[in-house]
Number of protein chains: 2
Amino acid sequence: MSTTVYLVDDDEAIRDALGWLLQSRGLECHSHESAEAFLTAWSPTLSGCLLLDIRMNGMSGLQLFDKLLELGNRLPVIFLTGHGDVPMAVSALKKGAFDFVEKPFDDNELVNRVLEAIACDTQRRASDASSDSLKGRIDSLTTRERQVMTLILAGKFNKVIADELNISMRTVEVHRANLFEKMGVRTAVELSQLMSGQAHS
Amino acid sequence: MSTTVYLVDDDEAIRDALGWLLQSRGLECHSHESAEAFLTAWSPTLSGCLLLDIRMNGMSGLQLFDKLLELGNRLPVIFLTGHGDVPMAVSALKKGAFDFVEKPFDDNELVNRVLEAIACDTQRRASDASSDSLKGRIDSLTTRERQVMTLILAGKFNKVIADELNISMRTVEVHRANLFEKMGVRTAVELSQLMSGQAHS
DNA sequence: GTGCCGATTGTGGATATCCACAATTTTTCA
DNA sequence: TGAAAAATTGTGGATATCCACAATCGGCAC
């Protein structure tokens, strides 16, 4: 999935106009005429951003937003509405919506918001990728190696680790060397920095 | 400064009503009749939250908010307004306001928002405190000790550090022991975890 | 100018880590 | 049941770290 602007609005005129606007600015745009239609197309791997009309036949934009939140959506959402009120906007933003724009909107303004949202998603995606690769390396560890790693990160000596796991120091050394290799680090400090911010129970 | 609700509104009736409401819920409340008056009372050490009316004579609530942002305010801000519109609310929230409430408001609702804001501030304050104490410990390090620490955090051996600083390994050992003592850690791993997320150039 | 602080270095020994060479036991999975 | 993966342990030596004891040198403040 390359970065794309997903547009959900039941008004064909708006879909056409916005689609044209976005494409004229070099942005790929996929339109859906209903929340339901977008839901079937949605996957956690989508990247870019989501333009979401609030008032629609069937599931509303707000309902779709809630549903996507449950599904773990990370795509930044920009709400579009002609009938928004303040509490609605406040609630949407506090739930994590990226923006909330009233119709009629200024074309340049909207495109700017879209570009910001895409930039935000790109950045999140990059940090996700590195944390995924880290998770992969952690998964490749054996149970013992993970136990040893945890104790190393607790700042304990091999001797103490051996004691707590009821194994010989030599075995700890082996696990230590192996897990350093798998995690791609050369020292405990590097490991600690790599793992900082990660859960590793 | 104990945790207090700061209220800025140029309508005396509202100040009285809100002040009464908050105090009846056990919340200390300090009222100010203008943005200017609050500004002179403001200090970075205030804790609690700020209830801010938007439409006021003189400096508006939004202007005060911007000014406080420049001054480095960390107090959560809840806007109160009888004439808010969606773009205004969106802009305020995107700038970091804690909430945006329209008048007339439900008493319980508002008190809940205030309690949330206070909880949020209390939490931030706690994490600030520990990071301040950390900063203090870092400040207590000598120049050399800081240099050595940086290299330790880069995962380098004493030998390499000695080389890079053109001093003997023994000297590095001394600095290392001293800075561990000052930072309150026993191993490089603990130091690394302590410093994770901190800048230490 | 005397004293304090920070930086510097040395010796020597106790601990700890790193690793090659070598091997056995246990678990897991097909 | 047999092969592969994982866990285990030992020896011995090279490196690294930790630390007490001891000392020199330069800058700065009172």
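By convention in this document, chain letters (A, B, ...) are assigned in the order of the sequence lines, proteins followed by strands, and residues within each chain are numbered from 1.
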Qualifying residues under side-chain hydrogen bond (donor to acceptor under 3.5 Å, both in side chains), relative to B:Ser168, sequence neighbours excluded: B:Thr171

Contact list for DNA chain D against residues 155-165 of chain B - heavy-atom distance below 4.0 Å: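 Contacting residues: B:Phe157, B:Asn158, B:Lys159.
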
Under 4.0 angstrom, heavy atoms only, what part of the nucleic acid is [X] near: base, sugar-phosphate, or nothing?
X: B:Thr171; result: base
X: A:Arg170; result: base
X: B:Glu173; result: base

Chain B footprint on DNA chain C, 5' to 3' - any atom under 4.0 Å from a heavy atom: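 First-to-last contact on DNA chain C, by the 4.0 Å heavy-atom rule, is C:dG6 to C:dT11.
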
Please, which pairs that meet ring-ring contact (aromatic ring centres under 6.0 Å, His included) have at least one residue in [range], sequence neighbours excluded?
range: residues 46-67 of chain B; value: B:Phe65-B:Phe79
range: residues 11-34 of chain B; value: B:Tyr6-B:His30, B:His32-B:Phe38
range: residues 158-187 of chain A; value: none

Under 3.5 Å donor-acceptor, B:Arg137 side chain and B:Met183 backbone: yes

Residue-level proximity of residues 174-189 of chain A to DNA chain C when a heavy atom falls under 4.0 Å: A:Arg176

Enumerate donor-acceptor pairs with a distance under 3.5 Å from any side-chain N or O in residues 81-93 of chain A to protein atoms, sequence neighbours excluded.
residue	atom	partner	partner atom	Å
A:Thr81	OG1	A:His83	N	2.9
A:Thr81	OG1	A:Gly84	N	3.1
A:Asp85	OD1	A:Met88	N	2.9

Under the rule for side chain to side chain contact (heavy atoms under 4.5 Å, CB included), what residues qualify as partners of [X], not counting sequence neighbours?
X: B:Asp16; value: B:Glu12
X: A:Glu181; value: none
X: A:Ser140; value: A:Lys182

Salt bridge (Lys or Arg N to Asp or Glu O under 4.0 Å) partners of A:Arg55, counting only residues at least two apart: none

